[in-house]
Amino acid sequence: MTNNMKSFIAQLPKAELHLHIEGTFEPSLMFEIAKRNGQFIPFDSVEELEKAYKFDCLQDFLDIYYQGAGVLIHEQDFYDLTYSYLEKCAAQNVRHTEIMFDPQTHTDRGVSFKTVINGITRACDDAREKLGVSSLLIMSYLRHLSEEEAFVTLEDSLPFKHKITAIGLDSSEKGNPPSKFKNVFAASVKEGYIPLAHAGEEGDADYVWEAIDVLGIKRIDHGNNSLQDDKLVEEIVKRDLALTVCPLSNTALQVVKDLKDHPLKTMMEKGMNVTINSDDPAYFGGQVNKNYEEIQEALGLSKEDLYNLAKNSFQYSLLDNVLKQQYLKELETFYLANK
Ligand code: HPA
Ligand code: ZN
């Protein structure tokens with residue numbers, strides 16, 4: 001990669017739309033928090049923990065991801081986790097981020113919803129003020145649990161409704177189709193939450209159909225397997241639904257064997273509106289800029305392609321129109337001066 005391209009990516013104003021806060025938990029911070037909470041981690045060092053980050057599939061990763069999140073107990077832990085990610089945003093010119101969090105990963109261990117959300121939002125407020133990074137929250141239901149359990153989480157969230165913009169659906173996809181959550185999504189939308197979901201990461205195109213038709217989602221997380229079905233691709237383009245694509249996640253979880261085979265360019269050629277994201281950067285080998293760099297190299301993307309990807313990241317964000325237009329203007333000014 002040329003230095004010019006690397007610095008173009010580094011300076012490109014961008015938004016991150018697919019990011020799990022529990023997936024930003026760097027081993028060094030994990031050890032630090034585990035130590036102060038008197039928690040045991042079954043690894044002797046940061047290096048040994050990093051060595052365990054080799055995955056054959058999504059479930060392989062999820063097992064270790066939930067184990068890592070288990071050391072988060074106090075509001076300050078959630079604050080430190082979130083603020084540490086937001087500092088990385090500032091350093092990468094990520095101007096805006098939409099952060100997913102998994103309440104059930106914590107409430108099932110006896111940590112209250114309030115502890116989780118207050119830690120995260122306090123960090124977001126501080127970052128807005130001190131780092132100039134804006135953020136919105138996406139509360140994600142764990143799809144390996146029941147719809148009834150998701151309803152409990154929805155209830156838990158209501159006192160904090162003003163702090164949450166959207167709902168998501170994550171965790172083990174195969175065997176847990178979107179339709180399993182039809183009622184809780186309808187109830188969540190009634191409360192004012194915007195519906196989003198992971199679909200077509202490991203699940204087939206029919207899961208993406210369900211996500212758009214049964215859950216009525218406004219943006220598709222991953223969506224890779226949409227390409228199995230031409231009619232679906234046509235429909236996604238027609239309905240103007242963006243895909244939050246995560247290149248390094250896809251290779252880490254063997255959704256894509258090699259970045260050179262990544263379908264991103266095909267998606268763009270078919271008129272799909274795609275964005276670049278890191279998903280779980282502490283586990284998948286890189287932050288968002290590394291995702292831009294590696295996919296640029298693998299697919300030979302042009303500066304114009306990268307500009308369009310960054311433009312989509314603001315365009316398909318859940319931001320109000322005033323701030324959205326402000327970021328788009330900032331991006332355009334940068335591009336015209338550096339293309
Ligand atoms: N897929 C599903 N669930 C997840 C992921 C993912 O990539 N990351 C964190 N939870
Ligand atoms: Zn994800």
Side-chain angles (χ1 to χ4, degrees), residues 15-27 29-30 33 53 55 57-72 77-86 88-89 92 94 96-109 111 113 116-117 119-121 123-124 127 133 135-145 150 153 157 164-173 176 196-199 201-202 217 219-223 243-250 252-253 255 275-288 290-291 313 317-318:
E16 176 148 65
L17 304 182
H18 185 153
L19 181 281
H20 303 263
I21 198 62
E22 294 88 353
T24 69
F25 207 0
E26 296 291 342
L29 183 62
M30 196 181 290
I33 292 181
Y53 292 179
F55 315 111
C57 60
L58 174 59
Q59 192 59 51
D60 232 25
F61 152 70
L62 290 169
D63 293 342
I64 207 158
Y65 159 87
Y66 293 130
Q67 184 185 53
V71 306
L72 299 161
D77 303 342
F78 291 92
Y79 177 93
D80 291 346
L81 174 70
T82 308
Y83 200 77
S84 157
Y85 162 65
L86 289 162
K88 292 193 179 77
C89 287
Q92 297 179 94
V94 172
H96 172 70
T97 177
E98 305 196 340
I99 300 176
M100 277 183 259
F101 69 110
D102 295 339
Q104 290 160 301
T105 298
H106 314 296
T107 52
D108 282 6
R109 301 180 288 115
V111 175
F113 192 99
V116 178
I117 192 124
I120 295 173
T121 51
C124 290
V133 176
S135 49
L136 294 172
L137 293 185
I138 304 165
M139 173 177 80
S140 293
Y141 299 124
L142 297 181
R143 66 201 306 160
H144 67 275
L145 301 179
T153 300
S157 77
I164 301 166
T165 303
I167 50 157
L169 188 62
D170 61 6
S171 191
S172 326
E173 187 179 10
N176 297 299
L196 311 173
H198 284 55
E201 181 185 20
E202 285 190 344
I217 62 168
R219 199 164 72 200
I220 303 165
D221 289 321
H222 295 297
L243 267 55
T244 61
V245 173
C246 308
L248 293 179
S249 163
N250 290 159
L253 301 185
V255 168
T275 62
I276 297 291
N277 310 273
S278 70
D279 205 2
D280 300 284
Y283 293 91
F284 298 153
Q287 305 290 323
V288 68
K290 182 108 182 286
N291 277 269
S313 74
S317 72
L318 306 174

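Note: hydrogens, waters and symmetry copies are ignored here, and every other heavy atom, side chains too, is used.
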Checklist line | Ser249: side-chain hydrogen bond (donor to acceptor under 3.5 Å, both in side chains) partners, not counting sequence neighbours | finding: Asp279
Notebook entry, point to check: Considering only heavy atoms from C-beta outward, does the side chain of Ile117 approach that of Leu137 to under 4.5 Å?
Noted result: yes
Item checked: Sequence-distant partners of Thr275, side-chain hydrogen bond (donor to acceptor under 3.5 Å, both in side chains), two or more places apart -> Asn277
Check: What distance separates Glu98 CD from Ile138 CD1, expressed to the nearest 0.5 Å?
Finding: 5.5 Å
Margin query: Within the structure provided, determine whether Val111 and Leu72 are in side-chain contact (heavy-atom separation under 4.5 Å).
Written below: no
Margin query: For a quick test of reading the model, state the closest non-hydrogen atom pair linking Gly286 to Asn291 and the distance between them.
Written below: O-ND2, 3.5 Å
Check: Hey, are the side chains of Leu248 and Pro281 touching, using non-hydrogen atoms and a 4.5 Å cut-off?
Finding: no
Next item on the list: Output the distance between atom CG (Leu243) and atom CG (Leu17), rounded to the nearest 0.5 Å.
Entry: 11.5 Å
Notebook entry, point to check: What residues form a salt bridge (Lys or Arg N to Asp or Glu O under 4.0 Å) with Glu22, not counting sequence neighbours?
Noted result: none
Margin query: Minimum heavy-atom separation for Leu58 and Ser172, please, with both atom names.
Written below: CD2-CA, 4.3 Å
Notebook entry, point to check: Would you call Asp221 and Asp170 a side-chain contact if the rule is heavy atoms closer than 4.5 Å?
Noted result: no
Checklist line | Inter-residue atom distance Leu145.CG - Asp108.CG, 0.5 Å rounding | finding: 6.0 Å
Checklist line | Qualifying residues under salt bridge (Lys or Arg N to Asp or Glu O under 4.0 Å), relative to Asp77, sequence neighbours excluded | finding: Arg36
Item checked: With sequence neighbours excluded, residues passing side-chain contact (heavy atoms from CB on, under 4.5 Å) with Ser171 -> Leu62, Tyr66, Leu142, Arg143, His144
Checklist line | Side-chain heavy atoms of Phe25 within contact of Val71, under 4.5 Å | finding: yes
Check: With sequence neighbours left out, what residues match Ser157 under side-chain contact (heavy atoms from CB on, under 4.5 Å)?
Finding: Phe113, Met139, Leu154, Ile164, Tyr193
Notebook entry, point to check: Between His20 and Met100, is there a donor-acceptor pair closer than 3.5 Å when you use the side chain of the first and the backbone of the second?
Noted result: no
Next item on the list: For Ser278, enumerate each residue passing the side-chain hydrogen bond (donor to acceptor under 3.5 Å, both in side chains) test, keeping only those at least two apart in sequence or located in another chain.
Entry: Glu16
Next item on the list: Report yes if the side chains of Glu201 and Leu253 come closer than 4.5 Å at any heavy-atom pair, otherwise no.
Entry: yes
Check: Rounded to the nearest 0.5 Å, how far does OG1 of Thr97 lie from CG of Leu19?
Finding: 4.5 Å
Next item on the list: Please identify each residue that fulfils ring-ring contact (aromatic ring centres under 6.0 Å, His included) with Phe61, with sequence neighbours left out.
Entry: Phe55, Tyr65, Tyr283, Phe284
Notebook entry, point to check: Quick one: do the Gln67 and Asp63 side chains pair a donor with an acceptor below 3.5 Å?
Noted result: no
Notebook entry, point to check: Taking only residues two or more places apart in sequence, or in another chain, which ones meet Tyr141 in a ring-ring contact (aromatic ring centres under 6.0 Å, His included)?
Noted result: none
Check: Listed by chain and number, what are the ring-ring contact (aromatic ring centres under 6.0 Å, His included) partners of His96, not counting sequence neighbours?
Finding: none
Next item on the list: Measure the spacing between CG of Leu169 and CD1 of Ile217 and express it to the nearest 0.5 Å.
Entry: 9.0 Å
Next item on the list: Check whether any side-chain heavy atom of Ile276 sits under 4.5 Å from a side-chain heavy atom of Pro247, and report yes or no.
Entry: yes
Checklist line | Distance-minimising heavy-atom pair for Pro103 and Ser140 | finding: CD-O, 3.5 Å
Checklist line | Results of side-chain contact (heavy atoms from CB on, under 4.5 Å) for Lys88 - residues two or more places apart only | finding: Glu26, Ser84, Gln92, Gln287
Check: Residues in side-chain hydrogen bond (donor to acceptor under 3.5 Å, both in side chains) with Tyr79, at least two apart?
Finding: Asp126
Notebook entry, point to check: Would you call His222 and Glu202 a side-chain contact if the rule is heavy atoms closer than 4.5 Å?
Noted result: no
Next item on the list: Identify the heavy atoms of Leu86 and Ala127 that sit nearest to each other, and give their distance.
Entry: CD1-CB, 3.5 Å
Notebook entry, point to check: Just by distance, do the side chain of Arg109 and the backbone of Gly70 share a donor-acceptor pair under 3.5 Å?
Noted result: yes
Next item on the list: Determine, step by step, whether Leu318 and Leu196 satisfy the side-chain contact (heavy atoms from CB on, under 4.5 Å) criterion, reporting the C-alpha distance in whole Å, the side-chain angles of both residues, the deciding distance to 0.1 Å, and the verdict.
Entry: CA-CA 11 Å; Leu318 306 174; Leu196 311 173; 4.2 Å; yes
